[in-house]
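Order of the sequence lines fixes the chain letters, A, B, ..., with proteins taken first and strands second; residue numbering starts at 1 for each chain.
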2 protein chains.
Amino acid sequence: MSRLIVLYNQPEDPEAFDAHYRDVHAPIVRSYPKLRDLKTCKPEGVGGRPSPYYLMAEMTFDSPEDLDEALASEAGSASGRDLRNFATAGAALFIVDDAADA
Amino acid sequence: MSRLIVLYNQPEDPEAFDAHYRDVHAPIVRSYPKLRDLKTCKPEGVGGRPSPYYLMAEMTFDSPEDLDEALASEAGSASGRDLRNFATAGAALFIVDDAADA
């Protein structure tokens, strides 16, 4: 399994962020070819410190090739462009390959 | 399931970091009470950009209560103290509760 992980920084307007993610961004992500699963959650902090991120989105694929195909697709481009519409506080993106543990 | 996720920034000396993580830190984490799984991986970047993090560690527990118990244990304290020995470039820590999706 390969996962694309996106960690969103705290938005200025969490309500507007949530609405855009739910109504616009998530539907684009769900149209990725070969997407197995989209999981989102609001992280909590550890030991009394706030979470460094507001939202974590995990997109799961069967293989790194499927993930690459999704990112190269029209939906992949559209989701990248859409980040500018709501993730204005920034986000960290990376890929983890669960078959190749460190 | 509840996961404690730690994202380590790029270390100055990756080889020394890896050795410390493998030989000192991971054994402490594996002694957490009620730990179900420790998974580590080296994230890759997206779209030609480097990964913002060097190493991701995911520690899985059956429940938020088990996770809290692990953090409050002697092993939990020891792992927190040990971060100062090798994670000098910093790390982002947070908890995700997979039963409570956003």
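- In this structure, chain B has heavy atoms under 4.5 Å from both the backbone and the side chain of A:Leu93.
- The CG atom of A:Asp98 lies 4.0 Å from the NZ atom of B:Lys39; values are rounded to the nearest 0.5 Å.
- Under the 4.5 Å side-chain contact rule for hydrophobic residues, A:Met1 and A:Val29 do not share a cluster.
- Proximity to chain A is limited to the side chain of B:Arg3, based on heavy atoms less than 4.5 angstrom apart.
- When hydrophobic clusters are built by joining Ile, Leu, Val, Met, Phe, Trp and Tyr residues whose side-chain heavy atoms come closer than 4.5 Å, directly or via intermediates, A:Leu83 is not grouped with A:Phe94.
- For the pair A:Leu7 and B:Leu7, the minimum side-chain heavy-atom distance is below 4.5 Å.
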Would you list the atom pairs, donor with acceptor, under 3.5 Å between side chains in residues 74-82 of chain A and any protein atom, with sequence neighbours excluded?
| unit_1 | atom_1 | unit_2 | atom_2 | d |
| --- | --- | --- | --- | --- |
| A:Ser77 | OG | A:Ser73 | O | 3.4 |
| A:Ser79 | OG | A:Tyr32 | OH | 2.6 |
| A:Ser79 | OG | A:Ala75 | O | 3.3 |
| A:Ser79 | OG | A:Gly76 | O | 2.9 |
| A:Asp82 | OD1 | A:His20 | NE2 | 2.9 |
| A:Asp82 | OD1 | A:Asn85 | ND2 | 2.9 |
| A:Asp82 | OD2 | A:His20 | NE2 | 3.1 |
| A:Asp82 | OD2 | A:His25 | ND1 | 2.8 |

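- Criterion: ILVMFWY side-chain heavy atoms under 4.5 Å apart, direct or through other members. Under it, A:Leu38 and A:Ile28 are not part of a common hydrophobic cluster.
- By the criterion of side-chain heavy atoms lying less than 4.5 angstrom apart, applied directly or through intervening Ile, Leu, Val, Met, Phe, Trp or Tyr residues, A:Tyr21 is not grouped with A:Met56; the two fall into different hydrophobic clusters.
- Side-chain contact check for B:Val96 versus A:Lys42: every heavy-atom pair is 4.5 Å or farther apart.
- For A:Tyr53, the part lying under 4.5 angstrom from a heavy atom of chain B is the side chain only.
- Proximity to chain B (any heavy atom under 4.5 Å) is restricted, for A:Leu4, to the side chain, taken from C-beta onward.
- Interface summary for chain B: among A:Leu67, A:Ile5, A:Val46, the most heavy-atom pairs under 4.5 angstrom belong to A:Val46.
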